[in-house]
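Here the structure comes first, spelled out in structure tokens, and everything after it is commentary.
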Amino acid sequence: MIKLKKYTALTLCALTLTATPLTALADEYDQKIADQDKKISDLQQTEQSAEDQKAALEEQVAAVEKEVSDVLKEKTNEEKKMSDLTAKIGVLQEKIQKREEQLRKQARDVQTNHDAGSIVDVVINSKSVGEAVKKTMAVSTILTANKNIMEQQTKDKAELEKLEKEAEQRLEVINKKTAELKEKQDQLVQTKLDQQVKINEIQASIATEKGQKEKYEKQQEEAEKKRQDALKALEEQRKKEEEARAKAQVEAEKQAKKAAEEAQKAAEEAEKQAAAAETAKQKQEAEIAQLEAQQQEQQAKQQQEQAQTVTDTGASQVTTNPAPTTEESKPATNSSGWASPLSIGLVVTSPFGPRQDPTGASGTQHDGIDFAGAAGTPILASKGGKVVEAGFHWSAGNHVVIQHSDGYYSYYMHMVSAPSVGVGSDVSAGQVLGGMGTTGNSTGVHLHFGVSTALWSGFVNPAPLLGI
């Protein structure tokens with residue numbers, strides 16, 4: 001149970017490392033959306049302020065419009081008065097004209113019929129004093145009447161001039177006030193229109209910022225979907241590796257048990273041979289055979305113990321330099337000259353080629369094949385050659401790179417501890433290079449086996465070379 005908890009913790013750690021970049025991206029979109037909300041809120045406040053100013057302007061416009069209406073009413077009344085006054089003026093003008101005609105006529109009559117001697121003639125030609133008095137009074141009456149008409153005519157003309165002047169002054173005041181109000185009304189209407197333009201610009205800005213916010217929200221949704229897909233793919237990869245690892249462990253235990261049984265039989269046979277030896281030489285040979293059988297039995301026990309060990313990068317009990325194997329323990333090479341890089345059956349957990357990046361740092365191209373196995377399972381040279389790299393790398397972990405005579409390079413990564421060979425060493429096929437582990441950029445115990453045509457470039461699929 002404790003071992004299972006350790007493996008689960010490692011898997012969760014890998015999931016966390018994978019999710020961290022995507023989570024940071026989601027946080028970045030959250031911040032962008034929050035910034036957009038603030039911009040929109042500020043613009044909406046500005047819009048409200050502009051609307052308030054517009055409402056105040058509308059009130060002012062309404063007030064001025066009422067004032068204009070009142071003045072127009074006053075102007076209408078004054079124009080009506082002006083019309084009435086004009087009618088009066090017309091009547092006065094008609095009266096004055098008639099009087100002037102009458103006066104001119106009377107003046108002609110007086111000049112024609114009543115010259116300086118006319119009154120004397122009237123008196124002389126009168127039959128009596130009474131008739132003379134009557135005729136004299138008649139002429140005087142005519143003259144007096146003409147004088148009264150002249151006086152009335154003068155008064156009417158003065159009144160006419162006064163009325164005309166008063167009408168002109170009233171009309172001038174009304175027209176001036178109307179013009180002022182009209183100008184004020186035009187200014188307010190223009191200001192109101194300018195305010196509406198400003199509001200339209202703010203509303204356009206709000207629409208733009210809302211559109212940007214929707215864009216960020218959509219990008220956030222896409223990022224979240226990618227994160228969920230990555231987590232799902234990683235979880236599927238983890239399950240696949242766990243199943244393959246369990247299968248490999250069962251196979252390793254089975255092979256270790258079989259090796260232990262064979263070693264036990266060999267030991268028993270050696271004991272029988274030692275007991276049956278008749279000569280010292282035969283006894284010595286039997287003891288040597290017994291010693292070899294005991295070594296095989298010890299190695300089988302070590303493999304059985306290693307097969308039962310769950311992923312633990314700090315497994316100090318793993319032997320990095322196991323006892324030399326016999327010729328029978330070396331894997332057979334295929335027609336291509338490449339042998340299995342493991343002492344157990346090959347179980348592929350991740351093939352060569354494109355795949356979902358399990359950690360966020362490896363890329364989507366897998367340059368090798370991942371094989372499952374237990375921590376400490378011996379890793380073997382797939383082909384003889386010269387070691388050109390042996391050490392630790394942040395991504396490959398503890399690893400070995402071998403250059404072969406045919407121009408190929410082979411790679412063995414994520415070993416549990418430092419390799420058992422050094423740079424410059426000549427290794428043969430089947431030679432132990434180290435034990436399986438999960439060092440470097442890894443999510444669980446496995447061997448990353450790769451083949452390339454140049455050092456760290458030109459990677460090819462190892463599967464055909466291994467015959468799988």
Side-chain angles (χ1 to χ4, degrees), residues 11-73 176-238 354-364 394 441 443:
T11 303
L12 290 174
C13 181
L15 288 170
T16 302
L17 289 173
T18 303
T20 298
L22 294 173
T23 302
L25 183 60
D27 292 340
E28 180 183 347
Y29 281 123
D30 285 338
Q31 183 60 47
K32 287 183 176 180
I33 292 171
D35 292 341
Q36 288 303 117
D37 284 334
K38 186 175 185 306
K39 288 181 181 179
I40 292 170
S41 177
D42 292 342
L43 285 171
Q44 286 175 338
Q45 290 180 2
T46 305
E47 179 188 22
Q48 185 59 49
S49 176
E51 290 285 1
D52 293 342
Q53 293 179 18
K54 179 185 173 185
L57 285 170
E58 288 176 347
E59 290 180 0
Q60 293 180 30
V61 170
V64 172
E65 287 176 348
K66 184 178 182 305
E67 192 173 350
V68 169
S69 177
D70 293 341
V71 171
L72 288 176
K73 288 180 182 179
K176 183 178 179 181
K177 190 170 184 181
T178 302
E180 290 175 353
L181 288 172
K182 188 64 178 175
E183 183 180 359
K184 186 176 181 181
Q185 183 183 30
D186 292 341
Q187 289 176 353
L188 286 172
V189 170
Q190 184 60 46
T191 304
K192 178 182 172 183
L193 292 175
D194 293 342
Q195 193 69 10
Q196 185 60 50
V197 170
K198 182 178 179 182
I199 291 172
N200 291 341
E201 290 175 352
I202 294 171
Q203 290 173 342
S205 298
I206 291 174
T208 301
E209 298 300 338
K210 285 183 177 178
Q212 187 67 26
K213 177 185 176 183
E214 291 174 358
K215 177 182 175 183
Y216 287 145
E217 288 175 340
K218 185 176 180 181
Q219 290 176 348
Q220 184 184 40
E221 290 175 1
E222 292 174 353
E224 178 62 21
K225 185 177 182 299
K226 288 181 181 179
R227 188 177 77 88
Q228 294 298 332
D229 291 343
L231 291 175
K232 183 179 178 181
L234 187 59
E235 179 63 17
E236 291 176 355
Q237 179 72 12
R238 184 194 66 78
R355 68 169 182 178
Q356 179 72 36
D357 186 357
T359 64
S362 302
T364 56
W394 70 268
N441 186 20
T443 60

Separation between OG1 of Thr443 and CD of Gln237, rounded to the nearest 0.5 Å: 6.5 Å

Side chains of Gln203 and Asn200, heavy atoms from C-beta outward: is any pair under 4.5 Å? yes

Within a radius of less than 6.0 Å around NZ of Lys32, do more than 12 heavy atoms belonging to other residues, nucleotides or ligands occur? yes

Pair Lys218, Glu214 - check side chain to side chain contact (heavy atoms under 4.5 Å, CB included), show working. CA-CA 6 Å; Lys218 185 176 180 181; Glu214 291 174 358; over 6 Å; no

Donor-acceptor pair between Gln48 and Asp52 side chains, under 3.5 angstrom: yes

Do the side chains of Glu58 and Lys54 get nearer than 4.5 Å, heavy atoms only? yes

Do Lys176 and Glu180 come within less than 4.5 Å of each other through their side chains, counting heavy atoms only? yes

When you check the side-chain N and O atoms of Gln53 and Gln195, is any donor under 3.5 Å from an acceptor? yes

Rounded distance [0.5 Å steps], CD in Glu51 versus CD1 in Ile202: 8.5 Å

N-O pairing of Lys225 and Asp229 below 4.0 Å: yes

Any side-chain heavy-atom pair of Leu188 and Lys192 under 4.5 Å: no

Has the side chain of Ser69 got a donor or acceptor atom that lies under 3.5 Å from a matching backbone atom of Glu65? no

CZ (Arg227) and NZ (Lys232) are apart, to the nearest 0.5 Å, by 14.5 Å

Gln36 CD to Tyr29 OH distance, which is reported to the nearest 0.5 Å: 13.0 Å

Verify the distance criterion only: is there a donor paired with an acceptor across the side chains of Gln228 and Glu224 at less than 3.5 Å? yes

If I take atom CD from residue Gln45 and atom CD1 from residue Ile40, how far apart are they, to the nearest 0.5 angstrom? 12.5 Å

CD (Glu201) and CD1 (Ile206) are apart, to the nearest 0.5 Å, by 12.0 Å

Are the side chains of Lys38 and Asp35 in contact, using a 4.5 Å heavy-atom criterion? no

Going by an N to O cut-off under 4.0 Å, is there a salt bridge joining Glu235 and Arg238? yes

Heavy atoms of Val189 and Val61 approach each other most closely as N-CG2, 4.2 Å

Output yes when Lys198 and Asp194 qualify as a salt bridge under the 4.0 Å nitrogen-oxygen rule, no when they do not. no

Which of Asp37, Asp42, Leu43 passes side chain to side chain contact (heavy atoms under 4.5 Å, CB included) with Glu209? Answer is Leu43

When you compare the side chains of Gln220 and Tyr216, does any donor N or O come within less than 3.5 Å of an acceptor on the partner? no

